[in-house]
Peer 1: 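Quick one: this structure, given as structure tokens, is what I'll be asking you about.
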Number of protein chains: 2
Amino acid sequence: MKTLRLTSTDRTVLLDSHFFARLPRPTAEAILEGAIVSTHEEHDIVFRQDDPIDHVFFVLSGLVRLYRLGKDGREADIAVLPKGEIFGANAMFLEHRATANAQAAEALIVARFESGKLRQLAAENTDVAQALIELLCRHGKMTEDCLAEDRLLTAPQRVASYILSHCPDGLSSFSFRLPFQKNVLAGKLGLAPEALSRAFSTLRQSGVTVKGRMIEIRDRQALERF
Amino acid sequence: MKTLRLTSTDRTVLLDSHFFARLPRPTAEAILEGAIVSTHEEHDIVFRQDDPIDHVFFVLSGLVRLYRLGKDGREADIAVLPKGEIFGANAMFLEHRATANAQAAEALIVARFESGKLRQLAAENTDVAQALIELLCRHGKMTEDCLAEDRLLTAPQRVASYILSHCPDGLSSFSFRLPFQKNVLAGKLGLAPEALSRAFSTLRQSGVTVKGRMIEIRDRQALERF
DNA sequence: GACGCGAATTGACCCCGATCAAATAACTTT
DNA sequence: AAAGTTATTTGATCGGGGTCAATTCGCGTC
């Protein structure tokens, strides 16, 4: 892990992100003050569950995986966060302990902000508080979605749902490139890699073609029906 | 469903709750102004997924079940909330649409507050915003816990974990009464009722006795090991 | 273009938990 | 207390997905 300072493209990523974009520019700038940037190799651990953490993290590039460990060492993904997402914010209001492990799922650059300062700001500035509230709602809903999908859908259905979430409305056929290794996708969907693989081949009969990371859909309706 | 006004015991439940207790009394009182109370029979639907809702709900007594519906009509519980809990708050910041169905899991009394007013208050008053943030963090963590347990634990392990969460630290043997029907517990744990039943009988060999709603533990360590 | 290594697929097997059906238990009502 | 519901348990069966082992594929390197 190496630590650096914010570059100007970093600032762009930050200011364009879901969270900072809804803040008045000066407020956003104030938060950026004192940000620390660090790089991590794939598989590096950023923090561990129950670690005391006094920072909030922002993905500048790459991918983080948040997961919990079972007694037997098995891992369960809670979330997979791409560029522009924030993590570690819950901890700020929850005893300052991480609720999960955070690991680089690929080469990763993160910015971190002192949570004390951010919390202070949130207490003084309702814009910041609003932004935090919206962030937490959004993340909460994502976790809920995940839980509901786990309980309601089979593996092929979850994969279909994932693919459809990448299909712009109206198109009946399209293709896209997976934003990460199948490995990671499997974890995100709560599946073993083998199960993901089998799910893809089940979906072949519904017009899904997989070649490397490229996914191609021939018939959107068929997928929705699945 | 019948609608009423707040009784004085209702006020007590509200003011003692996790959310309101951390607010200055006058602020809390201000929110209570204009609360509407309604009663619901077991199985009544309070609101449906995707309904536009402009209220935040508070459980005065009884139990609500939040769940999503699958295409095939199957139900997946997202949360089961007892007296003192708030629900429908996410919607306030998420297009004003409910993210799940809310159903009375037993005779239920709820108070509702206009979300517009609450949101306004949160924007003006950082105490309210802080309380909301903490609420959302707490709920977020609960959902995360649920997701992780689903992915990491078998049915008997989930039940053991549930029982242990009711065991005060230090005691090695103790007993308690389930706060709701096994039916509901099964849903909360993401199990079919039959699976819950079987899980209980598996745990018998680890010193768990079940008689009606009474649960008795002989050996805490044995349960933790499970 | 050949090589090498980690990622992904495929096959075989097994276990957990869902589902259906039937029996029993626990409540309500009268 | 008897009858009628509604929950819960138990048994039997089945399917989804996890795990292990063996290939095969894809991609970066030389």
Side-chain angles (χ1 to χ4, degrees), chain A residues 41-43 63 65 70-77 104-107 148-162 177-205 208-215 226, chain B residues 41-43 63 65 67 70-77 104-107 149-162 177-205 208-215 226:
Chain A
E41 315 246 323
E42 186 172 346
H43 299 136
L63 209 65
R65 196 169 75 88
K71 283 204 290 276
D72 52 2
R74 274 176 28 257
E75 305 179 346
D77 286 27
E106 60 183 47
E149 293 211 341
D150 268 28
R151 291 185 171 180
L152 290 174
L153 304 183
T154 65
Q157 289 173 325
R158 286 189 314 235
V159 175
S161 159
Y162 174 80
R177 186 181 156 82
L178 288 177
F180 33 67
Q181 283 188 316
K182 298 210 179 105
N183 216 345
V184 178
L185 178 57
K188 179 180 157 72
L189 298 179
L191 298 172
E194 296 94 324
L196 175 63
S197 203
R198 282 186 244 273
F200 274 133
S201 57
T202 302
L203 292 179
R204 222 173 2 232
Q205 71 193 51
V208 175
T209 316
V210 178
K211 195 169 286 174
R213 278 200 192 178
M214 288 303 299
I215 309 288
F226 205 93
Chain B
E41 316 247 322
E42 186 172 345
H43 299 134
L63 209 63
R65 196 168 75 88
Y67 64 97
K71 282 205 291 277
D72 53 0
R74 273 175 31 256
E75 305 179 347
D77 286 28
E106 61 183 46
E149 293 210 341
D150 268 27
R151 291 185 170 180
L152 290 172
L153 305 183
T154 65
Q157 289 173 323
R158 291 196 304 243
V159 175
S161 159
Y162 175 80
R177 187 181 155 80
L178 288 177
F180 33 68
Q181 282 189 317
K182 297 209 178 104
N183 216 343
V184 177
L185 177 57
K188 178 180 159 72
L189 298 178
L191 297 172
E194 296 93 325
L196 176 63
S197 201
R198 281 185 245 274
F200 274 132
S201 57
T202 302
L203 291 179
R204 221 171 6 231
Q205 71 194 49
V208 174
T209 316
V210 178
K211 196 168 283 174
R213 278 201 192 177
M214 287 304 297
I215 309 287
F226 205 93

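Just so it is clear, the structure is predicted and the values come from calculations on it, not from any experiment. Only this structure's heavy atoms are used, side chains among them; waters, hydrogens and symmetry mates stay out. The chains referred to below are lettered A, B, ... by the order of the sequence lines, with proteins before strands, and numbering in each begins at 1.
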Peer 1: Measure from the side chain of B:Pro156, starting at C-beta and using heavy atoms only, and say which of D:dG18, C:dG17, C:dT9 lies closest.
Peer 2: C:dG17

Peer 1: I need the CZ-P distance between A:Phe180 and C:dA8, as an integer number of Å.
Peer 2: 12 Å

Peer 1: Any side-chain heavy atom of B:Arg158 sitting closer than 4.5 Å to one from B:Asp150?
Peer 2: yes

Peer 1: What does the inter-axis angle of the helix from C:dG1-D:dC30 to C:dT30-D:dA1 come out as, five pairs per end, nearest 10 degrees?
Peer 2: 50°

Peer 1: Starting at CZ of A:Arg158 and ending at C1' of D:dG16, how long is that distance when rounded to a whole Å?
Peer 2: 10 Å

Peer 1: Using a 4.0 Å heavy-atom cut-off across all strands, classify B:Gln181 as base, sugar-phosphate, or nothing.
Peer 2: sugar-phosphate

Peer 1: Rounded to whole angstrom units, what separation is found between the CG atom of A:Leu185 and the C1' atom of C:dT9?
Peer 2: 15 Å

Peer 1: Both A:Gly212 and A:Ala195 contact DNA chain D. Which one's nearest nucleotide lies toward the 5' end?
Peer 2: A:Ala195

Peer 1: Once you round it to whole Å, what is the distance between C1' of D:dG26 and CD1 of A:Ile215?
Peer 2: 15 Å

Peer 1: To the side chain of A:Glu194, which of C:dA8, D:dA21, C:dT19 is closest?
Peer 2: D:dA21

Peer 1: Let me know the distance between CZ of A:Phe200 and P of D:dG16, rounded to the nearest Å.
Peer 2: 19 Å

Peer 1: Applying a 4.0 Å non-hydrogen cut-off, can you work out what B:Leu196 is touching in the nucleic acid: base, sugar-phosphate, or nothing?
Peer 2: nothing

Peer 1: Going through the distances and angles, do A:Tyr162 and A:Leu178 end up as a side-chain contact (heavy atoms from CB on, under 4.5 Å)?
Peer 2: CA-CA 10 Å; A:Tyr162 174 80; A:Leu178 288 177; 3.9 Å; yes

Peer 1: With a 4.5 Å cut-off on side-chain heavy atoms, are A:Phe200 and A:Leu185 touching?
Peer 2: yes

Peer 1: Give a yes/no on whether any side-chain N or O of A:Lys211 is located under 4.0 angstrom from OP1 or OP2 of D:dC25.
Peer 2: no

Peer 1: How close do B:Leu196 and B:Ala186 get, counting heavy atoms only, and between which atoms?
Peer 2: CD2-N, 3.8 Å

Peer 1: What is the minimum heavy-atom distance between B:Gln181 and B:Glu42, and which atoms define it?
Peer 2: OE1-OE2, 3.8 Å

Peer 1: Ignoring hydrogens and geometry, is there a side-chain-to-backbone donor-acceptor pair from A:Arg177 to A:Arg213 under 3.5 Å?
Peer 2: no

Peer 1: Once you round it to whole Å, what is the distance between C1' of D:dC27 and NZ of A:Lys182?
Peer 2: 13 Å

Peer 1: Counting side-chain heavy atoms from CB outward, which of D:dG18, D:dT9, C:dT19 is closest to A:Arg198?
Peer 2: D:dG18

Peer 1: What about B:Arg204, does its side chain sit under 3.5 Å from the base of D:dT9 through a donor-acceptor pair?
Peer 2: no

Peer 1: Would you classify A:Arg74 as touching base, sugar-phosphate or nothing, given that sugar-phosphate means primed atoms plus P, OP1 and OP2, and contacts are heavy atoms under 4.0 Å?
Peer 2: sugar-phosphate

Peer 1: What heavy-atom pair brings B:Ala76 and A:Arg151 nearest, and what distance separates the two atoms?
Peer 2: CB-CB, 3.7 Å

Peer 1: Checking all strands, does A:Arg213 fall into the base, sugar-phosphate, or nothing category for heavy-atom contacts under 4.0 angstrom?
Peer 2: nothing

Peer 1: Rounding to a whole Å, what distance do you find between A:Leu191:CG and D:dT19:C1'?
Peer 2: 14 Å

Peer 1: Side chain of B:Glu42 only, heavy atoms from C-beta on: which candidate in D:dG17, D:dA7, D:dC20 is closest?
Peer 2: D:dA7

Peer 1: Output the rounded distance in Å from CZ (A:Arg151) to C1' (D:dG16).
Peer 2: 17 Å

Peer 1: Quick one: does B:Arg65's side chain have a donor or acceptor within less than 3.5 Å of a partner on B:Asp77's backbone?
Peer 2: no

